[in-house]
Participant: 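Mind having a look at this structure? Questions to follow.
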Amino acid sequence: MPEKDLPSFDSFDECETVPDYLENSNSATQTIDLSNLFSSGVYSSGTFDLSVASTSFGRLLDALPVPAILIDESNRVIFSNHGCAKLTSDYHDMFGVSFLDFVPRPSDLERAQALADKTLALLARVFKTRKPLTAEVILEIHRKRIWARLHLRAVRIASERYVLVIIDDVTHEKKQLELNRRRDKESEELRRDLEALVDKANSELSTVTARLRHETADHQKTQVLLRVEKQKCGILAHQAELATAVLAPNGKFQSIDPGFQELCGYELSEVPNLQDLIIGCRDDQDSRDEVSREWLRGLERAMDEGAAAAACTMTCRGSTKREILIRGLELADGNFFITCREE
């Protein structure tokens with residue numbers, strides 16, 4: 001994650017973390033008194049930073065594996081330990097620099113001033129209360145920007161007071177938290193998208209299911225009607241003593257009813273073609289299919305014109321001849337429906 005994507009310390013929504021006991025006015029102050037670690041001549045030498053470095057306290061700070069600085073009441077750095085090399089190789093140049101210079105501020109003057117006041121108030125609180133304090137800030141030291149957790153502790157040397165600041169670099173932790181937050185956000189958005197897709201699919205499925213249920217019911221009604229009509233046709237054909245059959249345009253029989261089977265004596269699988277079964281249709285044999293088609297359509301035209309059924313001779317099983325009256329009608333699928341009755 002680029003540094004520019006780090007959470008901004010100048011956000012007024014990001015307050016420093018303060019231990020609960022900071023507000024406990026009844027507890028004693030916890031200033032570290034280092035007076036006994038220094039000789040009396042230290043305070044008049046004017047080289048306090050060098051004196052600290054040469055004392056047991058300075059060597060102790062240098063032994064810390066983390067960056068630590070000492071700040072005086074003017075908010076300037078008077079000592080930086082060897083651990084500050086993790087922040088900058090020129091950590092000795094931090095001496096005399098105001099702590100405010102390590103806090104990057106926004107270009108907006110009003111927000112920059114508010115951030116400066118906030119930082120100074122943080123240091124002033126440690127000087128005033130002399131109690132430990134923890135805060136999280138963004139620091140920029142020699143153009144290196146990090147997110148730091150500061151552990152601030154009041155220090156007294158004779159009559160002088162200072163603030164010891166131990167700097168914990170939590171940049172990686174913050175980046176990981178930010179990465180986890182973004183992943184959680186993306187996961188949540190993905191979850192919402194998936195839920196929306198599932199809801200849409202369920203809605204469409206419900207619609208399709210309802211339509212299918214409706215169509216199934218209609219189909220069942222149609223099947224019932226077809227069975228009823230078939231029963232009616234069967235009764236009418238039986239009562240009218242008619243034999244019925246369905247033929248393809250080329251004269252091939254597609255189906256025959258029991259009456260037609262009884263009339264011609266053939267099963268459906270063995271009944272001859274129209275031209276071979278019925279004679280007297282036409283004598284033209286140039287195209288047997290055309291003969292069948294035209295003859296069947298001629299039956300329909302004759303019926304439309306009110307003509308009586310056509311009289312034909314049917315060659316039945318065993319070469320038996322029967323004289324029949326036949327009518328025909330072309331169906332929607334191109335086949336022909338015929339009815340036959342023996343004269």
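Predicted model, so just to flag it, every value in this text is computed and none were measured. Worth knowing before you read on, the calculation uses all heavy atoms, side chains too, and leaves out hydrogens, waters and symmetry mates.
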Participant: Less than 4.5 Å apart, side chain to side chain, heavy atoms only: is that true for R153 and K131?
Facilitator: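 Side-chain contact under 4.5 Å: no.
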Participant: Looking at CD of Q261 and OG of S255, how far apart are the two atoms once the value is rounded to the nearest 0.5 Å?
Facilitator: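 The distance works out to 11.5 Å.
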Participant: Atom SG in C264, atom CD1 in I256: separation rounded to 0.5 Å?
Facilitator: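 One finds 5.0 Å between SG of C264 and CD1 of I256.
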Participant: Can you find a pair of side-chain heavy atoms, one from L87 and one from I146, that are under 4.5 Å apart?
Facilitator: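 Side chain of L87 against side chain of I146, heavy atoms only: contact under 4.5 Å found.
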Participant: Any ring-ring contact (aromatic ring centres under 6.0 Å, His included) involving residues 241-269? Give me the pairs, sequence neighbours left out, ordered by first then second residue.
Facilitator: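 Residue pairs with at least one partner in residues 241-269: F253-F260.
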Participant: Could you tell me whether the side chain of I166 reaches within less than 4.5 Å of the side chain of L150, counting heavy atoms only?
Facilitator: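 SC-SC contact between L150 and I166 ruled out.
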Participant: Which atoms form the tightest heavy-atom contact between A148 and I167, and what is the distance?
Facilitator: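 Shortest heavy-atom contact: CB-CG2, 3.8 Å.
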Participant: Side chain of D62, backbone of H82: donor and acceptor closer than 3.5 Å?
Facilitator: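 Flag set: sc D62 to bb H82 pair under 3.5 Å.
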Participant: If only atom types and distance count, is the side chain of D276 paired as donor or acceptor with the main-chain N or O of P272 below 3.5 Å?
Facilitator: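 Not confirmed, D276 side chain does not pair with P272 backbone.
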Participant: Would you say that more than 12 heavy atoms from the other residues, nucleotides or ligands in this model lie under 6.0 Å from the NE2 of H219, or not?
Facilitator: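 No, not enclosed.
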Participant: Just so I know, are the side chains of V77 and F102 near enough to count as touching, which here means a heavy-atom distance under 4.5 Å?
Facilitator: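 The answer is yes, as the side chains (C-beta and beyond) meet within the 4.5 Å cut-off.
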Participant: Looking at CG of L100 and CZ of R76, how far apart are the two atoms once the value is rounded to the nearest 0.5 Å?
Facilitator: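 Between L100 CG and R76 CZ, I get 9.5 Å after rounding to 0.5 Å.
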Participant: Taking the side chain as every heavy atom from C-beta outward, state whether C340 and L325 have any pair of such atoms under 4.5 Å apart.
Facilitator: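 SC-SC contact between C340 and L325 ruled out.
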Participant: Please confirm whether the backbone N or O of A243 pairs with a side-chain atom of D257, one donor and one acceptor, at under 3.5 Å?
Facilitator: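 No, the answer is negative, given that no donor and acceptor are paired below the 3.5 Å cut-off.
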Participant: In sequence, state the C-alpha distance, the side-chain angles, and the governing distance for T88 and D90, and then conclude on side chain to side chain donor-acceptor pair (under 3.5 Å).
Facilitator: CA-CA 5 Å; T88 173; D90 299 327; 4.8 Å; no
Participant: Do any N or O atoms from the side chain of D184 and from the backbone of S187 form a donor-acceptor pair under 3.5 angstrom?
Facilitator: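 Not a single qualifying donor-acceptor pair exists.
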Participant: Restricting to non-hydrogen atoms, name the atom on P104 and the atom on L115 that form the minimum distance, rounded to 0.1 Å.
Facilitator: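 Shortest heavy-atom contact: O-CD2, 3.4 Å.
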Participant: Quick check: do M94 and I69 have side-chain heavy atoms less than 4.5 Å from each other?
Facilitator: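 Yes, at least one pair of side-chain atoms sits under 4.5 Å.
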Participant: Could you walk me through whether V271 and L277 satisfy the side chain to side chain contact (heavy atoms under 4.5 Å, CB included) test, starting with their C-alpha distance in whole Å, then the side-chain angles of each, then the deciding distance to 0.1 Å, before giving a yes or no?
Facilitator: CA-CA 8 Å; V271 63; L277 185 67; 4.0 Å; yes
Participant: Test of understanding: with salt bridge (charged side-chain N to carboxylate O under 4.0 Å, His left out), list the residues that count as partners of E173, not counting sequence neighbours.
Facilitator: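 Partners of E173 under the salt bridge (charged side-chain N to carboxylate O under 4.0 Å, His left out) test: R149.
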Participant: Can you check whether Q113's main-chain N or O pairs, donor with acceptor, with R105's side chain at less than 3.5 Å?
Facilitator: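 No.
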Participant: Donor-acceptor check, side chain of T320 to backbone of C316, threshold 3.5 angstrom: yes or no?
Facilitator: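 No, because the side chain of T320 does not come within donor-acceptor range (under 3.5 Å) of the backbone of C316.
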Participant: If you compare all heavy atoms of G83 against all heavy atoms of P67, which two are closest, and at what distance to 0.1 Å?
Facilitator: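 Taking G83 first and P67 second, the nearest heavy atoms are O-CG, 3.3 Å.
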Participant: What residues join L109 in its hydrophobic cluster, counting side-chain heavy atom gaps under 4.5 Å, either direct or through other members?
Facilitator: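 In the cluster with L109 there is nothing else; it is isolated.
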Participant: Indicate yes or no: at least one non-hydrogen side-chain atom of H151 is less than 4.5 angstrom from one of D168.
Facilitator: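 In contact.
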Participant: Tell me if the CD atom of Q223 is crowded by more than 12 foreign heavy atoms within 6.0 Å.
Facilitator: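 Atom CD in Q223 is packed in, count exceeds 12.
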Participant: Let me check something: do L268 and I326 share a hydrophobic cluster, defined by ILVMFWY side-chain heavy atoms less than 4.5 Å apart, either directly or through other members?
Facilitator: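 Yes, L268 and I326 fall within the same hydrophobic cluster.
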Participant: Heavy atoms, side chains only, cut-off 4.5 Å: are V165 and I71 in contact?
Facilitator: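 Yes; the side chains approach each other to less than 4.5 Å.
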Participant: Passes side chain to side chain contact (heavy atoms under 4.5 Å, CB included), K175 versus L179? Steps please.
Facilitator: CA-CA 6 Å; K175 288 180 178 180; L179 181 60; over 6 Å; no
Participant: Check the pair V126, R130 against side chain to side chain contact (heavy atoms under 4.5 Å, CB included), reporting the backbone distance first and the verdict last.
Facilitator: CA-CA 5 Å; V126 180; R130 290 172 288 167; over 6 Å; no
Participant: Are V137 and L120 connected in a single hydrophobic cluster, I mean Ile/Leu/Val/Met/Phe/Trp/Tyr linked by side-chain heavy atoms less than 4.5 Å apart?
Facilitator: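 In one cluster with L120: V137, no.
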Participant: Between L123 and F99, what is the shortest heavy-atom contact and its length?
Facilitator: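 Nearest pair, atom of L123 first, then F99: CD1-CD2, 3.9 Å.
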Participant: To the nearest 0.5 Å, what is the distance between CE (M314) and CG (L263)?
Facilitator: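 Answer rounded to 0.5 Å: 4.5 Å.
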Participant: Could you tell me whether a side-chain N or O of D108 sits under 3.5 Å from a main-chain N or O of R111, the two making a donor and an acceptor?
Facilitator: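 Answer holds: yes.
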Participant: Is the side chain of R341 donor-acceptor paired with the backbone N or O of L242 at a distance under 3.5 Å, no angle test?
Facilitator: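 Such a contact is absent between R341 side chain and L242 backbone.
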Participant: Would you check if the side chain of D101 reaches a backbone N or O of V97 as a donor-acceptor pair within less than 3.5 Å?
Facilitator: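 No, the answer is negative, given that no donor and acceptor are paired below the 3.5 Å cut-off.
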Participant: Taking all heavy atoms of N81 and all of A68, pick out the closest pair and write down the distance.
Facilitator: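 That would be OD1-N, 2.9 Å.
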Participant: Output the rest of the hydrophobic cluster of F337: all Ile, Leu, Val, Met, Phe, Trp and Tyr residues reachable through side-chain heavy-atom contacts under 4.5 Å, sorted by chain and number.
Facilitator: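 Listed partners: V246, L331.
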Participant: About how many Å separate CD of E215 and OG1 of T222, when rounded to the nearest 0.5 Å?
Facilitator: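 Going from OG1 on T222 over to CD on E215, the span is 11.0 Å.
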Participant: Step by step, work out the side chain to side chain contact (heavy atoms under 4.5 Å, CB included) result for T313 and R322.
Facilitator: CA-CA 6 Å; T313 301; R322 288 187 178 181; over 6 Å; no
Participant: Using a strict cut-off of less than 4.0 Å between a Lys/Arg side-chain nitrogen and an Asp/Glu carboxylate oxygen, indicate whether E178 and R181 qualify as a salt bridge.
Facilitator: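 Yes.
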Participant: If you look only at pairs with a residue in residues 189-202, which of them pass as a salt bridge (charged side-chain N to carboxylate O under 4.0 Å, His left out), with sequence neighbours excluded?
Facilitator: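 As it turns out, the salt bridge (charged side-chain N to carboxylate O under 4.0 Å, His left out) pairs with a partner in residues 189-202, which skip direct neighbours, are E188-R191, E188-R192, R191-E195.
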Participant: List the residues meeting salt bridge (charged side-chain N to carboxylate O under 4.0 Å, His left out) with R183, not counting sequence neighbours, and say none if there are none.
Facilitator: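 If we apply the salt bridge (charged side-chain N to carboxylate O under 4.0 Å, His left out) test to R183, skipping adjacent residues, there are no hits.
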Participant: Taking K86 for the side chain and P65 for the main chain, is one N or O donor matched with an acceptor at less than 3.5 Å?
Facilitator: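 Side chain of K86 to backbone of P65, a donor-acceptor pair under 3.5 Å: yes, one is there.
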Participant: I need the L247 CG to F336 CZ distance, nearest 0.5 Å.
Facilitator: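 Output value for this atom pair is 9.0 Å.
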Participant: Which pair of heavy atoms, one from Y91 and one from C84, lies closest together, and at what distance?
Facilitator: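 What the structure gives for the nearest pair is CB-CB, 3.5 Å.
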